[in-house]
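These values consider heavy atoms only, across backbone and side chains, with no hydrogens, waters or symmetry-generated copies.
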Number of protein chains: 2
Amino acid sequence: MAGHITGESPIQREPGIANLMSSHKQVLAHAEAQCADKGTKLTQKRKTVLQGLLQTQQAMSAYELADYCRDELGESMPPMSVYRILEFLEGEQLVHKLKLANRFVACVHITCDHKHAVPQFLICEQCHRVSEVSIKESTLRALRNNVETAGFKLASPQIELNCVCDTCAVAG
Amino acid sequence: MAGHITGESPIQREPGIANLMSSHKQVLAHAEAQCADKGTKLTQKRKTVLQGLLQTQQAMSAYELADYCRDELGESMPPMSVYRILEFLEGEQLVHKLKLANRFVACVHITCDHKHAVPQFLICEQCHRVSEVSIKESTLRALRNNVETAGFKLASPQIELNCVCDTCAVAG
DNA sequence: TACATAAATGATATGATATATCATATTTAT
DNA sequence: ATAAATATGATATATCATATCATTTATGTA
Ligand SMILES: [Zn+2]
Ligand SMILES: [Zn+2]
Ligand SMILES: [Zn+2]
Ligand SMILES: [Zn+2]
């Protein structure tokens with residue numbers, strides 16, 4: 001197998017690649033500082049994995065990320081290490097796991113100061129582009145109501161929605 | 001391995017087991033008639049798989065269902081057949097696939113006449129009990145708004161929420 | 001520095017969910 | 001009776017994930 005990334009979900013590179021790169025540097029620096037504050041360490045490997053997610057701008061599987069880090073970022077990266085590292089990054093809220101897609105994305109709020117709100121993820125079924133938005137309080141409350149009426153409690157208020165992004169909608 | 005069903009998610013049997021069985025018969029009959037109307041066939045195997053989902057009252061993986069059909073319903077059932085049959089049953093809206101849990105449930109509306117509404121699934125992380133409820137139009141509209149503002153379109157308005165059921169909440 | 005300890009990473013095995021493909025059996029139509 | 005379509009069986013393989021033990025690297029203390 002040539003790689004885990006198929007023709008159907010190409011890794012997108014936006015035009016202003018140089019700008020993106022430097023913006024990623026800032027995000028990584030912020031993430032590193034954030035870890036230092038908490039007494040954890042954003043090691044080289046961890047930084048590379050996060051960088052992979054930032055650069056691809058897509059929801060990536062652990063195996064896809066392993067390939068990407070090796071092939072594009074020149075850092076040997078066994079899949080099992082990627083899983084461990086993603087677990088760490090999730091704990092630091094630098095990365096989110098999308099259960100609907102069995103994939104991972106970089107948090108869009110890394111450089112923000114505000115507390116992380118309840119995230120809502122819009123996942124393009126076709127290209128795995130992801131938009132991380134915040135649920136309106138009123139909407140969340142309505143959902144919570146539904147849930148408790150049915151005799152359940154929300155375990156994780158993270159909501160993930162199967163979508164098609166506008167680009168893919170136009171193309172397909 | 002002894003089976004796919006672990007101690008943590010035992011198959012629940014409610015007290016009025018005889019009543020449930022007869023009610024399942026009715027559901028199966030209704031499902032069969034519904035298929036006949038559409039020119040499809042609810043074969044013996046398909047009926048058995050659906051029966052398994054009705055009896056266990058839980059979200060089941062294809063492999064768990066294969067075991068259950070063989071061990072409890074006396075119908076040899078290779079996992080690959082289960083996948084095919086589940087795909088058929090999904091198409092008939094007799095079964096829903098929960099992507100969040102990688103499991104399948106029987107639709108609760110099989111005996112209803114009304115058109116199937118947008119389903120919302122509350123999934124107990126601990127015991128896999130599932131409640132299929134309907135989203136309020138206003139809530140759905142609010143979500144849709146969020147989605148389209150972000151440049152996405154809802155591909156499937158099915159919403160699945162990670163929950164804990166009251167029984168497990170009390171126990172745990 | 002030298003050593004002990006803890007943290008991070010590497011490597012291997014295995015489990016769990018899912019798809020693809022071809023063979024066989026059953027049903028339906030002619 | 002035969003052909004075609006449908007349903008099922010069987011095998012291989014892809015994909016996502018966890019468990020475990022070995023090795024390396026970083027950190028703290030004598
Ligand atoms: Zn985030
Ligand atoms: Zn897309
Ligand atoms: Zn339903
Ligand atoms: Zn429960």
- Is the shortest side-chain N/O distance from K41(B) to OP1 or OP2 of dT26(C) below 4.0 Å?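 Answer no for this pair, as no side-chain N or O of K41(B) is under 4.0 Å from OP1 or OP2.
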- Message: Less than 4.0 angstrom between a side-chain N/O of S81(A) and OP1 or OP2 of dG10(C), yes or no?
- Response: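 Answer is yes, contact under 4.0 Å.
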So that I can tick it off, tell me whether [Y] and [X] are bridged by a salt bridge, with the cut-off set at under 4.0 angstrom between side-chain N and carboxylate O.
X	Y	answer
E75(A)	R70(A)	no
E64(A)	R103(A)	yes
E148(B)	K153(B)	no

Quick one: [X] [atom1] to [N] [atom2], roughly how many Å, whole number?
X	N	atom1	atom2	answer
K99(A)	dT17(C)	NZ	P	12 Å
Q44(B)	dT26(C)	CD	P	14 Å
E87(A)	dA8(C)	CD	P	12 Å
L65(B)	dT17(C)	CG	C1'	13 Å
K47(B)	dA7(D)	NZ	C1'	16 Å
M77(B)	dT8(D)	CE	C1'	10 Å
R46(A)	dA7(C)	CZ	C1'	8 Å

- Task: State whether a side-chain donor-acceptor pair under 3.5 Å links E160(A) with Q158(A).
- Result: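 Yes, a side-chain donor-acceptor pair sits under 3.5 Å.
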- Establish, from distance only, whether the side-chain atoms of H96(B) and H116(B) form a donor-acceptor pair under 3.5 Å.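 Yes, side-chain donor-acceptor contact under 3.5 Å.
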- Look at the side chain of T43(A) and decide which nucleotide, out of dG9(D), dA8(C), dG10(C), has an atom nearest to it.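 Closest nucleotide among those given: dA8(C).
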- Base versus backbone protein contacts along nucleotides 18-23 of chain C [heavy-atom cut-off under 4.0 Å; B, S, -]: BBB---
- Can you list the residues that meet the salt bridge (charged side-chain N to carboxylate O under 4.0 Å, His left out) rule with R144(A), with sequence neighbours excluded?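 For R144(A), no residue satisfies salt bridge (charged side-chain N to carboxylate O under 4.0 Å, His left out) once neighbours in sequence are set aside.
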